[in-house]
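Before any comments, here is the structure.
Below, read A as the first sequence line, B as the second, and so on, with proteins coming before strands; counting in each chain starts at 1.
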Protein chains: 2
Amino acid sequence: MKDRKTVILEAAARVIACRGVRGLRVEEVAAEARVSKALVYYHFKDRAGLLRRTLRFVGDRAERYTRGGGPGDAAPRGPGPGDLAPGARVPGDPLRELERRLLLEFQDLPEVRENSTAWGELRASAVFEPELREELARAGREWVREIADLLGPVGPAVPDAALVSAAERLTVLVEGLSTRWLVGLLPAGHAAELLRGAVAAEAEGLRRAAVRTACPAA
Amino acid sequence: MKDRKTVILEAAARVIACRGVRGLRVEEVAAEARVSKALVYYHFKDRAGLLRRTLRFVGDRAERYTRGGGPGDAAPRGPGPGDLAPGARVPGDPLRELERRLLLEFQDLPEVRENSTAWGELRASAVFEPELREELARAGREWVREIADLLGPVGPAVPDAALVSAAERLTVLVEGLSTRWLVGLLPAGHAAELLRGAVAAEAEGLRRAAVRTACPAA
DNA sequence: GTCTATAAAGCGATAGAC
DNA sequence: GTCTATCGCTTTATAGAC
């Protein structure tokens, strides 16, 4: 049972996806949600409030499709092999699992495009609006932590700092590729290929680091 | 002898650096340049014209500090070893030269910040404004080509496609790191460290690719 | 909670004098 | 080329009825 407030948030997400944060007009959101302008102000106080809540709303959705899981999710049906038992972590190559996870950002689904666009806008806007930075930083840390954990199994005894550095590079790269993909400068297939190359390069680097840690003499 | 037109362009670059492309107000540019609003319209026709010319102006400046060169330049005094004879290409390790080149984007100079900010805005805006894409694509291709050429010397007989892929990843990474740096989420030192790690990982990957090309049996 | 109507402000753009 | 003054549209935000 969707209340009007949620309807407005979904509408705002769609508007941001095609006009950008700074192109968002309260009136257009109201029209998209089929409510009056005044109702938007009633629920969200002002334009800035609407923006804040929409960004959080979008962030919550991203967690849903990102960690495959709960019922009712938009099934993250990656480009990989066939389906998996629900909830089962992919057993095979941990690198493949990591790739699959990162490639979710390039699914051509409306929800994914909306989320990627909104996050791109958030990043870009944060350069000029300091109050957006904390949320951005928090989301970034979680995202890096998740990827670092997925990187762990590539080899035994890799120092955590190295995992985090590699994860930081990979997440930054995914963000950049995502922007280019959204702009239309980079087909999803090419983005995927570049990403796989980076994953391979980072994994190789980590294995070498592990060797140096294990036997510093080498 | 700066004419008013140039003064206005410089003012516009500063305004973009602290308000963003989409936060730019013609009136603020006029005030920053200490001229009347009408004069801005006289020289640039309308807001869009001002934006176009400012972006080109900023792009030209970037080439100046990026390829070290002509007289009167802001000397690109990197964090590396001491000065070099003017015009001399660094002779030593080609990887160091590449790193130096990429690290120029993190110099804490007003001009560099302004340029990075403006390009970040251009990228972000292009998601919603298709007419910006061509210039973005052209600049991107040149930048990738330059980095690919710098990557060439890491090993003999590396296929060009591999160089281009690595260069694409590195440029995307630099853009992403630059954004985080501008936002204040990432100190320049940490950005430099991550970048060095990526350069090392990519170089190692290229060397392995070269080996596979040379003796496919391996 | 939701609407219609309207106030108030912001901002791009132009007219016309010098 | 440069200024002052102003027009007119767009957009945010509020008042007040239901």
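In this structure, of dT2(C), dG12(C), dT12(D), it is dG12(C) that holds the atom nearest to the side chain of R25(B). Comparing dT12(D), dT4(D), dA13(C) by their nearest atom to the side chain of R47(A) picks out dT12(D). Here dT2(C) is the nucleotide among dC3(C), dG1(D), dT2(C) with the atom lying nearest to any side-chain atom of Y42(A).
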Problem set entry | Trace of the salt bridge (charged side-chain N to carboxylate O under 4.0 Å, His left out) decision for E202(B) with R169(A) | CA-CA 12 Å; E202(B) 291 290 351; R169(A) 282 191 292 265; over 6 Å; no

For this session: Step by step, work out the salt bridge (charged side-chain N to carboxylate O under 4.0 Å, His left out) result for D60(A) and R56(A).
Result: CA-CA 6 Å; D60(A) 293 347; R56(A) 193 189 311 167; over 6 Å; no

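Atom CZ of R19(B) is separated from atom C1' of dC11(C) by 15 Å (rounded to the nearest Å). Atoms CG (L51(B)) and C1' (dG12(C)) sit 13 Å apart, rounded to a whole Å. One can place CZ of R34(B) at 19 Å from C1' of dT4(D), the figure rounded to the nearest angstrom. Distance CZ (F44(B)) to P (dT14(C)): 16 Å, rounded to an integer number of Å. When rounded to the nearest whole Å, the span between CD of E27(A) and P of dT12(D) equals 8 Å. In this entry the distance linking CG of L39(B) with C1' of dA13(C) reads 14 Å, nearest Å. Remark: C1' of dT6(C) and OH of Y41(A) are 14 Å apart, rounded to the nearest angstrom. Rounding to whole angstrom units, NZ of residue K5(B) and P of dT2(D) are separated by 11 Å.
Nucleic acid contact for L50(A): none, since no nucleic acid atom lies under 4.0 Å from a heavy atom of the residue.
When each of L51(B), N115(B), L122(B), V58(B) is checked for a side-chain contact (heavy atoms from CB on, under 4.5 Å) with I16(B), only L51(B) meets the rule.
Residues R196(B) and E193(B) are not paired through a salt bridge, judged by the lack of any N-O separation under 4.0 Å between the basic side chain and the carboxylate.
If K37(A) and H43(A) are placed on DNA chain C by their nearest nucleotide, the residue sitting closer to the 5' end is H43(A).
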